[in-house]
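For reference, positions follow the sequence shown, starting with 1.
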Amino acid sequence: MENATPKASPSPDHFGVIDLKEALRERLAIIQDEESRRDEAKHLSRLRAVSEKIDKLQGALPQPVDPRLAHYLQRRSYDKALEFLEAAPSRDGT
């Protein structure tokens, strides 16, 4: 007989979650990079690349994904997604 207990959401220190947090931070850094904005084509290319990376990492997250995180990612509310992930305690209690 199958266990009916639902699986927990992925741990905040799971490699996929760590990679996603790094990509979300990278996106913020690109947005805040005043020098990057001077070359609009390059800036947009960098943003497009990191957005594609975020999409791939989102699709690779272990299931189930917390509904709030899934909502933020689906709506591309990346700042909220990062806040959510950074607020989640890791296994070592930090």
Legend entry - Test item: Ser51 side-chain N/O and Leu47 main-chain N/O as donor-acceptor pair under 3.5 Å: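 Indeed, once roles are kept as given, a pair shorter than 3.5 Å links the two residues.
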
How many angstroms lie between atom [atom1] of [X] and atom [atom2] of [Y], to the nearest 0.5 angstrom?
X     : Y     : atom1 : atom2 : answer
His43 : Arg48 : NE2   : CZ    : 11.0 Å
Gln58 : Tyr78 : CD    : OH    : 6.5 Å
Leu28 : Ile31 : CG    : CD1   : 5.5 Å

Are the charged groups of [X] and [Y] less than 4.0 angstrom apart, N to O?
X     : Y     : result
Arg27 : Asp79 : yes
Asp19 : Lys53 : no
Glu86 : Arg25 : yes

Inset, instruction - Measure across Leu69 and Ala81 and return the closest heavy-atom pair with its distance rounded to 0.1 Å. - result: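 For Leu69 and Ala81, the tightest heavy-atom pair comes out as CD1-CB, 3.9 Å.
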
Legend entry - Shortest non-hydrogen contact between Val50 and Ala23, atoms and distance: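 Looking at all heavy atoms of both residues, the closest pair is CG2-O, 3.5 Å.
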
Inset, instruction - Kindly indicate whether the side chain of Glu40, heavy atoms from C-beta on, has any atom under 4.5 Å from the side chain of Leu44. - result: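 With C-beta onward as the side chain, the pair touches.
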
Inset, instruction - Report yes if the side chains of Leu20 and Leu24 come closer than 4.5 Å at any heavy-atom pair, otherwise no. - result: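 Heavy-atom side-chain distance check passes, below 4.5 Å.
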
Inset, instruction - Could you give me the CA-CA distance, side-chain angles and deciding distance for Glu26 and Arg46, then say whether side chain to side chain contact (heavy atoms under 4.5 Å, CB included) is met? - result: CA-CA 10 Å; Glu26 179 183 351; Arg46 291 176 68 202; over 6 Å; no

Inset, instruction - Please lay out, stage by stage, how Ser36 and Lys42 fare under the test side chain to side chain contact (heavy atoms under 4.5 Å, CB included). - result: CA-CA 7 Å; Ser36 174; Lys42 184 177 180 182; 5.6 Å; no

Inset, instruction - Let me know which of Leu61, Asp55, Leu57 forms a side-chain contact (heavy atoms from CB on, under 4.5 Å) with Leu73. - result: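 Testing Leu73 for a side-chain contact (heavy atoms from CB on, under 4.5 Å) against Leu61, Asp55, Leu57 leaves exactly one candidate, Leu61.
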
